[in-house]
Student: 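Here you go, one structure.
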4 protein chains.
Amino acid sequence: MTVRPAGHKALLAAASAQFAERGYHAVSIREIAAAAGVSLSALYHYYPSKQALLAALLHEGMDDYQARCAEALAEAGHDPARRLAAVVGATVRYRAERSEASLMLMNEARALEDEERERYRARQREASDRFRQPIDAGVAAGIFTTPYPDDVRRSIIASCNAVAQWYRPDGPDSLDDLVEHNIFLAYTLLGYERRTPTSKVRQLSRARADDY
Amino acid sequence: MTVRPAGHKALLAAASAQFAERGYHAVSIREIAAAAGVSLSALYHYYPSKQALLAALLHEGMDDYQARCAEALAEAGHDPARRLAAVVGATVRYRAERSEASLMLMNEARALEDEERERYRARQREASDRFRQPIDAGVAAGIFTTPYPDDVRRSIIASCNAVAQWYRPDGPDSLDDLVEHNIFLAYTLLGYERRTPTSKVRQLSRARADDY
Amino acid sequence: MTVRPAGHKALLAAASAQFAERGYHAVSIREIAAAAGVSLSALYHYYPSKQALLAALLHEGMDDYQARCAEALAEAGHDPARRLAAVVGATVRYRAERSEASLMLMNEARALEDEERERYRARQREASDRFRQPIDAGVAAGIFTTPYPDDVRRSIIASCNAVAQWYRPDGPDSLDDLVEHNIFLAYTLLGYERRTPTSKVRQLSRARADDY
Amino acid sequence: MTVRPAGHKALLAAASAQFAERGYHAVSIREIAAAAGVSLSALYHYYPSKQALLAALLHEGMDDYQARCAEALAEAGHDPARRLAAVVGATVRYRAERSEASLMLMNEARALEDEERERYRARQREASDRFRQPIDAGVAAGIFTTPYPDDVRRSIIASCNAVAQWYRPDGPDSLDDLVEHNIFLAYTLLGYERRTPTSKVRQLSRARADDY
DNA sequence: CATGAATGAGCGTTCATTCAT
DNA sequence: GATGAATGAACGCTCATTCAT
């Protein structure tokens, strides 16, 4: 399936890991090439510059996240509550399953040079709008009763995004539980009446990783 | 009044602005010195290294934030709801009023070298605990009824922190409103019954800055 | 013939000349690169650091000197007097023919960093032992009759080493003469009876270079 | 007695120790000032530059050595053998008792800038001549019978100078013994007939320090 | 395609020295 | 006379990138 040579994937993986952990400017292309097990010249064979490598990673990550959202929304139908739940679920899953890519998407955009950064910022606004639309629709329809829909939207987005920073697969809650809880919290913030906690048992588990 | 020489403050201000905007590794000390209007050698007269400058900035910011929290908590008494509100309020205010410092505190810790980073991470855990303690106390006392106190805590922290990224003083809401709303949202998430929206009028304002 | 790129040899030659003349710390890598006619980056392509360049030079010089001693000793058989003469001859020739390298070997070891310096000092002790062994053997066998073999050994070593400081190829004596004289002086100090001055004609020539 | 302030001596002592051990260019004036316990500005109060400090140290050391030689020669009368013995003795004592200064005098002259270096080299030639004169006189008078007086002179000088590198006060031989032995070796090299080993007992002691 | 050699610019840092007080 | 602040130049070294093969 992969038309690209073998080194290509290793390069993306190595760069993603390093950029996510230490930041674009802290990582040299020699380190990336070495971590990927390819020569410096091979790196430049695949990507014309360090910038291009970053841009490719960010857009690839965005593509993946966007596709997951589109799929979830397609299944959700027209109900604003179900649509918002779809976005929250897709986002939480992406932040948890692809935390490395998520950290890059959230933190490294500033390392893009001017033109590419603007293109990327536009895609981030699209992502923000995927939350905004069902919320505004639900508020307009009267099914979301929060007096502060903007603050609620920001809170929901921030909560989903934060998953990338603290979630560990070996934590106490399953990923499915995490998704459910976040949807429940979002409904709570929105003042959505039909919401119920999925699990009846009170969860008192403690997270492993630092969540601040 | 200032016992330190003049260039000292300008150096901290310039470094803080640059680190917050572009990241530690993207900023050269020559840029910092130039932005502060001092010579490169003068910078080294005040701080022995770029690392030390970063560490000084992070600890100074943490000191400031910590002091604001301590003051707010001192006024809050023993009620868990009031204590949580104090921490939320202090955090939101700090993130809004000192957004530059906040971005540095949240994003640049990873640029610290090993030992100093550990010291700093410990202070971040203390900050996290300032949220955890009133929440756990309120849950134990039965006044917070959320089934997911850990997820709620993370959500509250993430929402407060996010303020640093999107808040602009010239936005539609006053800072006092922003604080009230965030306390209201926190109470909502916690299932705290005595909460009421401070303002009766539905807010439909739109944020200016990108909030994703 | 040379598998190494062209710049490599020029670099070693330039560094050796500069270190010998002015000392490791007085020479900048930019000066070395410029003297070798290569760029600063090229220097770092061949050697990872200034230290590594020094270490390479010192070990290469030591290898050369060691090989010359080994060859001379192999020809000398078992007689202590002939063995001592072999070491004196090899040393005097090396000090004269490779005076630049010799000055580096004698003066720049202190610029090595800890670990490498210890390795190098061990090789210097080996070199010292190459004098000590035939002297002690000859003393034990009764063919060297000096009452102060340790002081004699030090004097012989010092005399050989000093050649690097004062010898000039255009001086009045040939190198073969210089070797003979030094062997004669060594035998004289040791109280070795069979010695004779090789040349019957009294030499009254004056050295050119400063010999203090 | 000292008309100079207290810091002055400490400065000379610290600089001498550092220069002797690590070399002029490896030592910063900040290190010297710190080691002497004086401020950087104080250093510049006493000496206008690092160069001047080095020159002062070298000339001071030379003055001391010269005075010791003059005193010994004054006692020696006119006999070439006694005069040579006086110079050897004074030199060995100076190299042993002031080994730090001696190492500086021998190794750091190259760090002097042009004019001062020439002045210093002239003084080194004077020192060399203090050996040359009695040797040539003894040869002319027929009391020194060596066929190679120049090589002998260089050997004697090298042997005396080497004392600074290997002598330790806690070694097996007393300094008086060391002087005697060196005079004996010098007479041996010169073919001076009246010489006798001072101590009748064969010495088999081993030196402690590395003597290569 | 793929490689090792090579580059110029810039990095964080230290240097000997000077200056105001 | 003595101090801390400040400086410009240079240090050893690494950077992203290019080139010849």
Side-chain angles (χ1 to χ4, degrees), chain A residues 4-8 24-33 38-54 113, chain B residues 3-8 11 24-33 36-54 113, chain C residues 3-8 11 24-33 36-54 113, chain D residues 4-8 24-33 38-54 113:
Chain A
R4 304 268 203 168
H8 184 250
Y24 177 80
H25 291 290
V27 180
S28 80
I29 61 169
R30 275 174 175 77
E31 289 174 313
I32 295 169
V38 308
S39 75
L40 188 51
S41 308
L43 188 155
Y44 274 94
H45 178 65
Y46 298 125
Y47 297 96
S49 70
K50 190 185 178 187
Q51 263 288 306
L53 179 52
L54 174 63
E113 281 160 16
Chain B
V3 292
R4 302 267 202 172
H8 186 252
L11 226 26
Y24 177 80
H25 292 290
V27 180
S28 82
I29 60 168
R30 278 170 182 80
E31 288 173 316
I32 295 170
V38 308
S39 75
L40 186 52
S41 313
L43 189 155
Y44 276 93
H45 186 69
Y46 298 125
Y47 296 96
S49 69
K50 190 185 178 189
Q51 264 287 308
L53 181 51
L54 173 63
E113 280 159 16
Chain C
V3 293
R4 300 268 203 170
H8 187 252
L11 227 26
Y24 177 81
H25 292 291
V27 180
S28 82
I29 60 169
R30 280 169 179 81
E31 289 172 315
I32 295 169
V38 307
S39 75
L40 184 53
S41 313
L43 188 156
Y44 277 95
H45 186 69
Y46 299 125
Y47 296 96
S49 69
K50 190 185 179 187
Q51 265 285 308
L53 181 52
L54 173 63
E113 282 160 17
Chain D
R4 304 268 202 169
H8 185 251
Y24 177 79
H25 292 290
V27 180
S28 80
I29 61 169
R30 275 173 175 78
E31 289 174 313
I32 295 169
V38 309
S39 76
L40 188 53
S41 308
L43 187 155
Y44 274 94
H45 178 66
Y46 298 126
Y47 297 97
S49 69
K50 190 185 177 188
Q51 263 288 307
L53 180 51
L54 173 64
E113 281 159 16

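Throughout, a chain's letter reflects where its sequence line sits, starting with A, and its residues are numbered from 1.
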Student: Would you kindly check whether a donor in the side chain of B/Ser49 faces an acceptor in the base of E/dG12, or vice versa, at under 3.5 angstrom?
Tutor: no
Student: Got a second to check how far A/Tyr24's OH is from A/Leu53's CG, nearest 0.5 Å?
Tutor: 8.0 Å
Student: Return no unless some side-chain N or O of A/Ser28 is found under 4.0 Å from OP1 or OP2 of F/dT14.
Tutor: no
Student: Counting Watson-Crick and G-U wobble pairs only, both distances under 3.5 Å, name the nucleotide matched with F/dT21, or none.
Tutor: E/dA2
Student: On DNA chain E, check which nucleotide each of B/Pro48 and C/Gly37 is closest to and give me the residue with the more 5' one.
Tutor: C/Gly37
Student: Of A/Glu31 and B/Ser39, whose nearest nucleotide on DNA chain F comes first from the 5' end?
Tutor: B/Ser39
Student: If the cut-off is 4.0 Å, is A/Tyr44 near the phosphate of F/dC19, judged by side-chain N/O to OP1 or OP2?
Tutor: no
Student: Please report the distance, rounded to the nearest Å, between OH in C/Tyr47 and C1' in E/dA5.
Tutor: 15 Å
Student: Would you please classify the geometry between the B/His8 ring and the B/Tyr46 ring as parallel, tilted or perpendicular, with 30° and 60° separating the classes?
Tutor: perpendicular
Student: Have a look at C/Val27 and say if it touches a base, only the backbone sugar-phosphate, or nothing, with a 4.0 Å heavy-atom cut-off.
Tutor: sugar-phosphate
Student: Could you tell me which non-hydrogen atom of D/Ser49 sits nearest to which non-hydrogen atom of D/Ala52, and how far apart they are?
Tutor: OG-N, 3.0 Å
Student: Could you tell me whether the phosphate oxygens of E/dC1, OP1 or OP2, come under 4.0 Å of any side-chain nitrogen or oxygen in A/His45?
Tutor: no
Student: Looking only at heavy atoms, which two atoms of C/Lys50 and C/His25 are closest? And how far apart?
Tutor: NZ-CA, 4.2 Å
Student: How many Å lie between CD on D/Gln51 and P on E/dA16, as a whole number?
Tutor: 11 Å
Student: From NE2 of B/His25 over to P of F/dC15, roughly how many Å is that when rounded to an integer?
Tutor: 11 Å
Student: For D/Leu40 and D/Ile29, which heavy atoms make the closest approach, and how far apart are they?
Tutor: CD1-CD1, 3.6 Å
Student: Provide, to the nearest angstrom, the distance between the CG atom belonging to C/Leu43 and the P atom belonging to E/dG8.
Tutor: 14 Å
Student: Give the rounded distance in Å between these two atoms: CD1 of A/Ile32 and P of F/dT17.
Tutor: 11 Å
Student: Can you tell me the distance, in whole Å, between the CG atom of B/Leu53 and the P atom of E/dT13?
Tutor: 10 Å
Student: Regarding C/Ser41, tell me which of base, sugar-phosphate or nothing describes its non-hydrogen contacts under 4.0 Å with the strands shown.
Tutor: base
Student: Without decimals, in angstroms, what is the distance between B/Ile29 CD1 and E/dT13 C1'?
Tutor: 7 Å
Student: Rounded to the Å, how far apart are A/Leu40 CG and E/dT7 P?
Tutor: 16 Å
Student: Return yes if the base of F/dG12 and the side-chain atoms of C/Arg30 contain a donor-acceptor N/O pair under 3.5 Å, otherwise no.
Tutor: yes
